[in-house]
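A, B, ... follow the sequence lines: proteins, then strands. Residue 1 opens every chain. This is a predicted model, so every value here is computed, not measured.
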Protein chains: 2
Amino acid sequence: MEQPRKRAKPGRAPSPTGRTSRPRQAEVARLAGVSQATVSLVLNARSDGKGATISEETRQRVLDAARSLGYVPDPAARRLAAARNNLLGVFSFTATFPTDVQHSYYPFLVGVEQEAAALGYDLVLFTGSSSGGAGAVGPDALSRVRLADGCLFLGRHVPRAELKRLVADGFPVVHLGRREELEGLAWVGADYVSASRDVVARLAELGHRRIVLVREDDEAPASSDRQEGFLDGLARAGLPGGPAAVLRCVDPVAELTADRVRALVADGVTAFVAEETDTGAAWRAVSGAVREAGLSCPGDVSLALLGSPPPDVSREPVPMGFEVPRHALGAAAVRLLAAMVAGQEADEPLVACEFRDGVTAGPHEVHLP
Amino acid sequence: MEQPRKRAKPGRAPSPTGRTSRPRQAEVARLAGVSQATVSLVLNARSDGKGATISEETRQRVLDAARSLGYVPDPAARRLAAARNNLLGVFSFTATFPTDVQHSYYPFLVGVEQEAAALGYDLVLFTGSSSGGAGAVGPDALSRVRLADGCLFLGRHVPRAELKRLVADGFPVVHLGRREELEGLAWVGADYVSASRDVVARLAELGHRRIVLVREDDEAPASSDRQEGFLDGLARAGLPGGPAAVLRCVDPVAELTADRVRALVADGVTAFVAEETDTGAAWRAVSGAVREAGLSCPGDVSLALLGSPPPDVSREPVPMGFEVPRHALGAAAVRLLAAMVAGQEADEPLVACEFRDGVTAGPHEVHLP
DNA sequence: TTGTAGGCGTTATCAG
DNA sequence: CTGATAACGCCTACAA
């Protein structure tokens with residue numbers, strides 16, 4: 001029976017570039033006088049002692065041969081055989097690198113990259129979420145992410161149906177930012193509740209007895225969390241809470257006039273806490289109104305900001321408050337994703353924010369009657 | 001004759017999670033009631049009319065099956081079979097997202113992402129170049145990039161041997177930034193020569209007859225290019241060039257004193273041109289010394305900066321000069337890389353800089369004797 | 001201790 | 001028009 005002859009270049013279009021092929025394990029094996037499998041064994045010697053059943057002499061011969069040939073394993077083949085490609089996806093619903101740096105995911109990506117590197121993963125950036133790029137825009141645009149071992153999602157407007165499908169299929173998915181509406185979707189977020197509570201606690205510690213929160217009129221989880229923590233902080237300090245402690249403004253800058261601030265202060269308020277938003281309106285309103293009212297900041301009243309100051313006012317005095325740990329969030333998301341990819345069901349949804357002393361809050365001396 | 005039975009999970013550790021593995025072409029085929037090969041044919045339908053010998057009905061069945069299964073081709077397998085990935089690699093020799101945003105590749109990446117999206121490629125960020133991550137630091141660290149169809153390299157310190165290997169093997173590689181030392185390495189860079197020449201031309205047009213360049217004492221291609229363009233600009237305008245027109249400083253801020261500026265002006269110099277460097281020292285020195293010398297800027301002398309002003313002086317008057325088109329550079333690099341991947345030998349190494357009028361240069365009235 | 005024999009998922013060729 | 005089938009380069013259970 002005649003063996004079918006090997007085709008010269010079977011199933012392969014002639015390489016357009018005349019690519020010279022690199023040495024493979026088979027050639028190393030030939031040079032070392034061993035089998036290809038042995039080469040593989042030697043090259044992937046388990047560092048954990050186990051399975052290292054290769055004679056030192058053979059080992060050296062193989063190593064020498066590999067070196068002299070300049071052998072380098074083919075990553076594609078390696079990954080194919082390992083049924084895993086060490087790739088984590090990153091999918092954002094706006095351009096990952098928007099022209100407007102302010103709105104970018106950059107700070108998160110710093111953490112994402114670092115942690116991915118530490119864990120031995122490379123990153124796939126799926127493009128065209130906005131720009132209408134790589135994946136045809138069809139309803140299965142999201143499906144491209146399956147090429148990675150798992151995928152990280154950033155951004156607000158997530159196509160629920162698509163994502164649900166991925167989750168249902170058991171594809172490892174992590175969302176950066178709290179997102180509890182979607183059953184079974186893993187996420188990591190910042191612990192705004194604790195952080196806000198801590199800020200209030202610190203103000204109380206400084207002697208403040210009447211503290212108000214200035215927030216915008218939206219229903220984002222990030223806002224509710226802060227309010228919850230704020231009110232909880234008041235309660236724990238035995239301070240008056242309730243609706244009176246919260247100023248909910250549609251347009252903070254317009255509504256929080258100098259007069260209003262003066263009235264509040266006259267009424268006994270000694271500290272203002274602003275929530276952080278995209279626009280930074282709440283903080284801008286508070287600090288502006290206080291200044292206009294002619295009140296000195298750490299002296300007459302104390303201010304705090306539940307988040308990071310907007311970049312364009314970064315030259316102003318640093319407000320007491322907390323930093324959203326964007327690096328840490330990115331890193332945590334990657335850790336969680338990697339755990340899911342590895343089949344462990346670890347979860348670490350909430351990441352602590354870092355308290356920031358700042359210079360806008362000081363002790364409040366209780367005035368004697 | 002008994003066929004050897006397939007092992008259940010041959011050569012593969014039992015999946016710890018029992019995670020459902022990604023669907024393969026075989027399953028799509030089964031669902032569609034065709035052979036796996038047919039699936040492959042349908043999915044890679046040649047757009048160039050040829051070989052599209054598949055009945056429309058079958059085609060649809062296959063497509064539907066693939067969609068309903070969420071099928072996505074395995075990039076590793078695809079690569080291994082000598083096809084394309086639709087993946088472009090990005091490899092930087094420092095962290096791609098460094099903590100210090102100033103030194104980041106962000107502006108380039110904006111262009112890279114946009115162009116990749118437009119061309120239908122996703123991006124693979126190879127991590128750990130610095131952080132010692134994914135690819136163990138071995139000599140084969142670079143070779144991971146072979147998973148992609150081609151790779152973009154950013155950064156100064158490139159392991160020459162490794163890169164050379166990739167290039168020699170015909171793997172499509174593009175370096176972002178001029179790099180002619182390495183034979184055969186494709187690159188894209190900014191056209192500093194033309195841009196600098198244009199700045200001089202503009203100054204000459206404004207009536208300036210004695211113009212000097214202040215540069216630092218390094219040998220970076222970016223510096224030499226600017227000087228070359230500067231001198232060429234002088235020559236074309238029929239102005240005095242030669243070494244006298246170039247102030248080469250080891251420490252510009254220290255060497256370019258107010259006195260020296262005064263002396264130069266007394267000698268007939270009416271315009272100063274500073275090169276752009278990492279530190280921005282040349283520009284800082286020039287603008288500082290002129291100010292100290294009590295000279296008004298667009299009035300007494302004109303200034304120009306061959307590049308973008310350092311961010312920390314961005315509130316100062318915008319200097320005449322040019323912008324390094326970082327977006328465009330990133331985009332051009334991707335275009336070139338994509339062309340190489342497609343087997344075309346296109347090249348567009350030099351990208352034009354954008355002239356910036358600024359407010360630091362004005363007409364020079366020739367004083368009557 | 002080493003060699004043998006699949007098989008990972010795709011692509012492309014070649015007979016039916 | 002479709003179904004086998006042979007690689008691609010590597011990994012590993014199992015036999016010798």
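Relative to the side chain of A/A77, the nucleotides D/dC10, C/dA12, D/dC11 differ in distance, and D/dC10 lies closest. Closest approach to the A/I54 side chain among C/dT11, D/dG9, C/dT2 is made by C/dT2 (side chain taken as heavy atoms from C-beta onward). Minimum atom distance to the side chain of A/R24 is reached by D/dC10, of the listed C/dT2, D/dC10, C/dT11. For A/S35, the listed nucleotide lying nearest its side chain is C/dT4; candidates were D/dC11, C/dG9, C/dT4. Distance from the side chain of B/A81 is smallest to D/dC8 among D/dC8, C/dT1, D/dC10. Nearest to the side chain of B/T58, among D/dT2, D/dC11, C/dA12, sits D/dT2. Closest approach to the B/L80 side chain among C/dT10, D/dT12, C/dG9 is made by C/dG9 (side chain taken as heavy atoms from C-beta onward). Among D/dC10, C/dT10, C/dG3, the nucleotide with an atom closest to any side-chain atom of A/D74 is D/dC10.
You won't find any donor-acceptor pair under 3.5 Å spanning the side chain of A/Q25 and the base of D/dC11, going by distance alone.
Counting to the nearest Å, the C1' atom of C/dT10 and the CD atom of B/E27 are 14 Å from each other. Rounded to an integer number of Å, the gap from B/L147 CG to D/dC10 P is 14 Å. Separating the CG atom of A/N86 from the P atom of D/dC11 is a distance of 13 Å, rounded to the nearest angstrom. One atom, CZ of B/R78, and another, P of C/dA12, lie 9 Å apart when rounded to the nearest Å. The CD-C1' distance, from B/Q36 to C/dT13, rounds to 13 Å in whole Å. What separates CG of B/N85 from C1' of C/dG9 is a distance of 13 Å, to the nearest Å. Spacing between atom CG of B/L41 and atom P of C/dT10 amounts to 14 Å, rounded to whole angstrom units.
Salt bridge annotation for B/E183-B/K164: absent, with no cationic side-chain nitrogen under 4.0 angstrom from a carboxylate oxygen. In this structure, A/D74 does not pair ionically with B/R144, as no charged nitrogen and carboxylate oxygen lie closer than 4.0 Å.
For the helix from C/dT1-D/dA16 to C/dG16-D/dC1, the terminal axes (five pairs an end, C1' atoms, rotation from four pairs onto the next four) enclose an angle of 50°, given to 10 degrees.
Between A/T38 and C/dG3 there is a side-chain N or O to OP1 or OP2 distance below 4.0 Å. Dashed line: the shortest gap from a side-chain N or O of B/R79 to OP1 or OP2 of D/dC8 is not under 4.0 Å. Between B/N44 and the phosphate of C/dT10, there is no side-chain N or O to OP1/OP2 separation shorter than 4.0 Å.
Scanning for side-chain contact (heavy atoms from CB on, under 4.5 Å) contacts around A/E57 gives A/S55, A/R61, with sequence neighbours left out. Contacts of A/L31 classified as side-chain contact (heavy atoms from CB on, under 4.5 Å), with partners at least two apart in sequence or in another chain: A/A65, A/S68, A/L69.
Here A/S55 lies in heavy-atom contact (under 4.0 Å) with sugar-phosphate atoms only. Across all strands, A/V39 comes closer than 4.0 Å to no nucleic acid atom at all (heavy-atom distances).
With hydrogens and angles disregarded, no donor-acceptor distance shorter than 3.5 Å links the side chain of B/D149 to the backbone of B/L88.
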Please test A/Q25 against A/L43 for side chain to side chain contact (heavy atoms under 4.5 Å, CB included), starting from the C-alpha separation and ending with a verdict. CA-CA 10 Å; A/Q25 286 189 347; A/L43 263 31; 4.3 Å; yes
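Between B/R165 atom CZ and B/R146 atom CZ the span is 6.5 Å, to the nearest 0.5 Å.
When each of A/L176, A/V90, A/L152 is checked for a side-chain contact (heavy atoms from CB on, under 4.5 Å) with A/F108, only A/L176 meets the rule.
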